[in-house]
**Q** 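Take a look at the following structure, please.
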Amino acid sequence: QVQLVESGGGLVQPGGSLRLSCAASGRTFGIKAMGWIRQAPGKEREFVAYLSWSDGMTYYADSVKGRFTISRDNARNTVYLQMNSLKPEDTAVYYCAGATSVTVYPDAYTYWGQGTQVTVSS
């Protein structure tokens with residue numbers, strides 16, 4: 001059993017920043033990648049970024065590249081998503097997820113947090 005708990009969402013103006021956190025606990029040894037996936041109202045889930053647990057390699061969707069940064073704190077078993085230069089189109093529920101492979105496909109992620117709302121609006 002793996003538990004993922006997100007925090008850090010909220011309302012921010014365009015151009016602003018937010019940092020999301022995801023604390024992992026339980027039987028996490030099988031997780032190969034931690035990712036952030038978002039879902040806007042009426043839209044499909046969209047991959048945002050992942051971090052490979054073994055080597056720290058990161059990968060980003062084109063829509064967030066250069067603006068978002070995924071990172072981790074091994075001691076705290078926590079993954080972060082630093083979001084800068086936020087745009088209204090970034091508005092969505094953001095989910096932290098864990099996968100047993102390194103992947104960009106949301107359906108391949110096995111473990112999910114409860115989600116945290118990010119709203120970018122003036």
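On a predicted model such as this, the values are computed, not experimentally measured, just so you know. Just so you know, residue 1 is the first one in the sequence shown, and it goes up from there.
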**Q** Only counting residues at least two apart or in another chain, list the ones meeting side chain to side chain donor-acceptor pair (under 3.5 Å) with S17.
**A**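 Applying side chain to side chain donor-acceptor pair (under 3.5 Å) to S17 gives N84.
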**Q** Tell me the disulfide bond (SG atoms under 2.5 Å apart) pairs involving residues 51-86, sequence neighbours left out?
**A**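 Sorted result for residues 51-86: empty, none.
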**Q** Which salt bridge (Lys or Arg N to Asp or Glu O under 4.0 Å) pairs, counting each pair once, include a residue from residues 74-84, with sequence neighbours left out?
**A**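 The answer is D73-R76.
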**Q** Would you indicate whether E44, at its atom CD, is surrounded by more than 12 heavy atoms from other residues, nucleotides or ligands within a distance under 6.0 Å?
**A**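 It does not: E44 CD has 12 such atoms or fewer within range.
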**Q** Search all heavy atoms of Q114 against all heavy atoms of V5 and return the closest pair with its distance.
**A**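 Closest heavy-atom pair between Q114 and V5: OE1-CA, 3.7 Å.
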**Q** Who are the side chain to side chain donor-acceptor pair (under 3.5 Å) partners of K65, not counting sequence neighbours?
**A**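 Applying side chain to side chain donor-acceptor pair (under 3.5 Å) to K65 gives D62.
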**Q** Side-chain heavy atoms under 4.5 Å apart, restricted to Ile/Leu/Val/Met/Phe/Trp/Tyr: what other residues fall into the cluster of Y95, or is it alone?
**A**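 So far as hydrophobic clustering goes, Y95 is joined with I37, F47, Y50, M57, Y59, V93, V102, V104, Y105, Y109, W112.
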**Q** Give the minimum heavy-atom separation between E46 and S63, together with the two atoms involved.
**A**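 So the minimum-distance heavy-atom pair works out to OE2-OG, 3.3 Å.
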**Q** Which residues pass the side chain to side chain donor-acceptor pair (under 3.5 Å) test with N77, not counting sequence neighbours?
**A**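 With sequence neighbours excluded, N77 shows a side chain to side chain donor-acceptor pair (under 3.5 Å) to no residue whatsoever.
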**Q** Identify the two heavy atoms, one from A99 and one from A108, that lie closest to each other, and give their separation to 0.1 Å.
**A**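 Between these two residues, the closest heavy atoms are CB-O, 3.8 Å.
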**Q** Any donor and acceptor pair, going by atom type alone, linking the side chain of E6 with main-chain N or O of S21 inside 3.5 Å?
**A**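 The answer is no, because no donor-acceptor pair under 3.5 Å joins these two groups.
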**Q** Which residues pass the salt bridge (Lys or Arg N to Asp or Glu O under 4.0 Å) test with R19, not counting sequence neighbours?
**A**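 Scan of R19 (salt bridge (Lys or Arg N to Asp or Glu O under 4.0 Å), adjacent residues dropped) gives none.
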**Q** Among residues at least two apart in sequence or on other chains, which ones pass side chain to side chain contact (heavy atoms under 4.5 Å, CB included) with S121?
**A**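 Side chain to side chain contact (heavy atoms under 4.5 Å, CB included) check on S121 returns L11, T119.
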**Q** How would you list all residue pairs meeting disulfide bond (SG atoms under 2.5 Å apart) that involve residues 21-116, not counting sequence neighbours?
**A**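 For residues 21-116, and leaving out neighbouring residues, the disulfide bond (SG atoms under 2.5 Å apart) pairs sorted by first residue read C22-C96.
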**Q** With a cutoff of under 4.5 Å between side-chain heavy atoms, which Ile, Leu, Val, Met, Phe, Trp and Tyr residues group with V79?
**A**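 Answer for V79: V2, L4, V12, L18, L20, I31, M34, W36, V48, L51, W53, Y60, V64, F68, I70, L81, M83, L86, Y94, Y111, V118, V120.
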**Q** In Å, rounded to the nearest 0.5 Å, how long is the span from CZ of R38 to NZ of K43?
**A**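 Spacing of CZ (R38) from NZ (K43) equals 8.5 Å.
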**Q** side-chain hydrogen bond (donor to acceptor under 3.5 Å, both in side chains): which pairs involve residues 24-34, sequence neighbours left out?
**A**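 As it turns out, the side-chain hydrogen bond (donor to acceptor under 3.5 Å, both in side chains) pairs with a partner in residues 24-34, which skip direct neighbours, are Q3-S25.
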**Q** Sorted by first residue and then second, give each salt bridge (Lys or Arg N to Asp or Glu O under 4.0 Å) pair with at least one member in residues 91-120; sequence neighbours left out.
**A**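 Every pair satisfying salt bridge (Lys or Arg N to Asp or Glu O under 4.0 Å) with a residue in residues 91-120: R45-D107.
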